[in-house]
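In this chain, residues are counted from 1 in sequence order. The shown structure was predicted, so the numbers you read here are calculated from the model rather than taken from an experiment. Values reported hereafter were calculated over all heavy atoms of this structure, with side chains retained and with hydrogens, waters and symmetry mates removed.
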Amino acid sequence: MLIDTHAHLDSPKFDSDREEVIARAQAAGIDTIVNIGFNRETIPTTMALAEKYPFIYAAVGWHPTDAIDMKIEEDLAWIESLCAHPKVVAIGEIGLDYYWDTSPKEIQHTVFREQIRLARKLNKPIVIHNRDAHEDIVKLLREERASEVGGIMHCFSGSWEMAKLCLDMNFYISFGGPVTFKNARVPKEVMEKVPLDRILIETDAPYLTPHPHRGQRNESAYVRLVAEAAAEIKGLKLDEIAKITSENARDCLCLPS
């Protein structure tokens, strides 16, 4: 069985066939999905999915591209209240995004710091979004003592040097569709070096669709393709990598067996 540690199945891209997408994931051997609510619109729809399906869990947080819209005191209190829900397993996705120019860096930093502090208060792992902000991600994680809770470096895109720093701070390294791309030299090299007990797999559905479906809508069933790539890179059988990554996800997110 496989675990998709990061999906957005509440996305409008699934409005026409969401139940079929979820059924295909189950048929493909995915027995647990973690859906991510990341702003005022997607947190309620993520919670609704987690409450409807026994095998779907939730992470809730505030995405850096939406940081400018966060009412910090009010929305942090909302996230804190939701973290008491038994299906909420992490705070995320949170982090920094210097690619999309939607929220000023200083606001992103404040929102990121406050959510790390909340995670430490609640002893919840965090799910990190990082785009073109490698140095500042590591800096803020260190300064806010994120190693106390650890978590997931979602769809990791950094170097092995950065991965080592994140591993030292108690984070798991999660790989998605890009590791299946034929020209994805760096993700493959990083996966080869990351210890087996720190690897996770994900889809980020409907985004970052793995080969051979690249360019189409992604879905949780395709996490199997990521697992197949991981098995090849690590020189293991598919059932071995499935067992390892599922155990890692359960350990990181305190998911039930």
Side-chain angles (χ1 to χ4, degrees), residues 2-8 34 36 63-65 92-101 105 108 112 125-142 146-147 150-218 220 222-238 240-242 244-245 248-249 252:
L2 294 158
I3 295 179
D4 182 0
T5 60
H6 196 113
H8 300 279
V34 180
I36 312 294
H63 197 284
T65 59
E93 61 191 277
I94 65 176
L96 302 174
D97 191 313
Y98 293 170
Y99 179 82
W100 297 108
D101 186 23
K105 288 182 181 180
Q108 290 191 45
F112 189 24
I126 52 180
V127 179
I128 302 299
H129 172 100
N130 166 33
R131 190 160 187 190
D132 295 350
H134 303 320
E135 290 185 10
D136 283 352
I137 284 280
V138 170
K139 177 175 179 287
L140 268 63
L141 288 174
R142 280 177 170 163
S147 60
I152 300 172
M153 302 305 295
H154 147 61
C155 203
F156 188 76
S157 60
S159 65
W160 168 236
E161 287 68 30
M162 183 186 178
K164 285 191 291 185
L165 297 174
C166 296
L167 290 166
D168 288 344
M169 287 189 286
N170 198 24
F171 281 86
Y172 290 74
I173 310 297
S174 186
F175 297 88
V179 80
T180 71
F181 301 164
K182 292 178 180 178
N183 60 349
R185 179 182 58 83
V186 173
K188 293 177 192 292
E189 289 177 353
V190 173
M191 177 177 268
E192 188 176 8
K193 294 177 180 178
V194 172
L196 279 170
D197 63 354
R198 291 299 192 89
I199 286 178
L200 295 174
I201 54 175
E202 62 171 89
T203 59
D204 201 23
Y207 315 108
L208 297 176
T209 313
H211 176 81
H213 305 290
R214 191 175 183 181
Q216 304 171 31
R217 182 190 68 175
N218 201 1
S220 284
Y222 295 164
V223 80
R224 187 179 186 90
L225 297 170
V226 180
E228 289 171 356
E232 182 178 353
I233 290 167
K234 286 295 194 182
L236 297 171
K237 296 177 181 177
L238 177 60
E240 292 174 320
I241 206 74
I244 289 165
T245 55
N248 292 346
C252 177

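- Between I244 and K234 there is no side-chain heavy-atom pair separated by less than 4.5 Å.
- The side-chain contact (heavy atoms from CB on, under 4.5 Å) search around R198 returns L167, N170, Y172, V194, not counting sequence neighbours.
- Residue R214 holds its CZ atom at 9.5 Å from OG1 of T209, rounded to the nearest 0.5 Å.
- Interatomic distance, I36 CD1 to E202 CD, rounded to the nearest 0.5 Å: 8.0 Å.
- Every residue meeting the side-chain contact (heavy atoms from CB on, under 4.5 Å) condition with Y98, not counting sequence neighbours, appears here in chain and number order: L96, K105, Q108, H109, D132, A133, D136.
- Under the 30°/60° scheme for interplanar angles, the aromatic rings of H154 and H6 are found to lie parallel.
- Across every non-hydrogen atom of H8 and P206, the tightest pair is O-CD, 3.8 Å.
- By the side-chain contact (heavy atoms from CB on, under 4.5 Å) test, E240 pairs with L236, K237, sequence neighbours left out.
- Put simply, CD on E93 and CG on N130 are 11.0 Å apart, with the number rounded to the nearest 0.5 Å.
- For the residue pair H134/E161, the side-chain donor-acceptor check at 3.5 Å is not satisfied.
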For this session: Applying side-chain contact (heavy atoms from CB on, under 4.5 Å), run through L238 and I241 and close with a yes or a no.
Result: CA-CA 5 Å; L238 177 60; I241 206 74; 4.1 Å; yes
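- One finds the CG atom of L165 at 10.5 Å from the CD atom of E135 (value rounded to the nearest 0.5 Å).
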Problem set entry | Full working for side-chain contact (heavy atoms from CB on, under 4.5 Å) between W160 and E192 | CA-CA 10 Å; W160 168 236; E192 188 176 8; over 6 Å; no
Problem set entry | Worked check of side-chain contact (heavy atoms from CB on, under 4.5 Å) between V127 and V34 | CA-CA 11 Å; V127 179; V34 180; over 6 Å; no
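- The nearest pair of heavy atoms linking A205 to S220 is CB-N, 4.1 Å.
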For a quick test of your reading: what N or O donor-acceptor pairs under 3.5 Å do the side chains of residues 176-186 make, sequence neighbours left out?
unit_1, atom_1, unit_2, atom_2, d
T180, OG1, G177, O, 2.7
T180, OG1, H211, N, 2.9
R185, NH1, E189, OE1, 3.2
R185, NH1, E189, OE2, 3.3

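- Between the side chain of D4 and the backbone N or O of T203 there is at least one donor-acceptor pair closer than 3.5 Å.
- Shown here are the ring pair (Phe, Tyr, Trp, His ring centres under 6.0 Å) partners of Y222, two or more places apart in sequence or in another chain: H213.
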For this session: Could you please spell out the steps behind the side-chain contact (heavy atoms from CB on, under 4.5 Å) verdict for N218 and Y207?
Result: CA-CA 6 Å; N218 201 1; Y207 315 108; 5.9 Å; no
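- Listed here is the closest heavy atom pair of C252 and P125: O-CG, 3.6 Å.
- Distance check: M162 CE to S157 OG gives 7.0 Å after rounding to the nearest 0.5 Å.
- Just one of I173, V226, N248 meets the side chain to side chain contact (heavy atoms under 4.5 Å, CB included) condition when paired with L200; it is N248.
- Remark: T65 pairs with H63 by the side-chain hydrogen bond (donor to acceptor under 3.5 Å, both in side chains) rule, at least two apart or across chains.
- The minimum heavy-atom distance between V190 and G158, with the atom names listed, is CG2-O, 3.7 Å.
- Interatomic distance, SG of C166 versus CD1 of I137, reported as 8.5 Å (0.5 Å rounding).
- Residues I126 and F171 are in side-chain contact: their nearest non-hydrogen atoms beyond the backbone lie under 4.5 Å apart.
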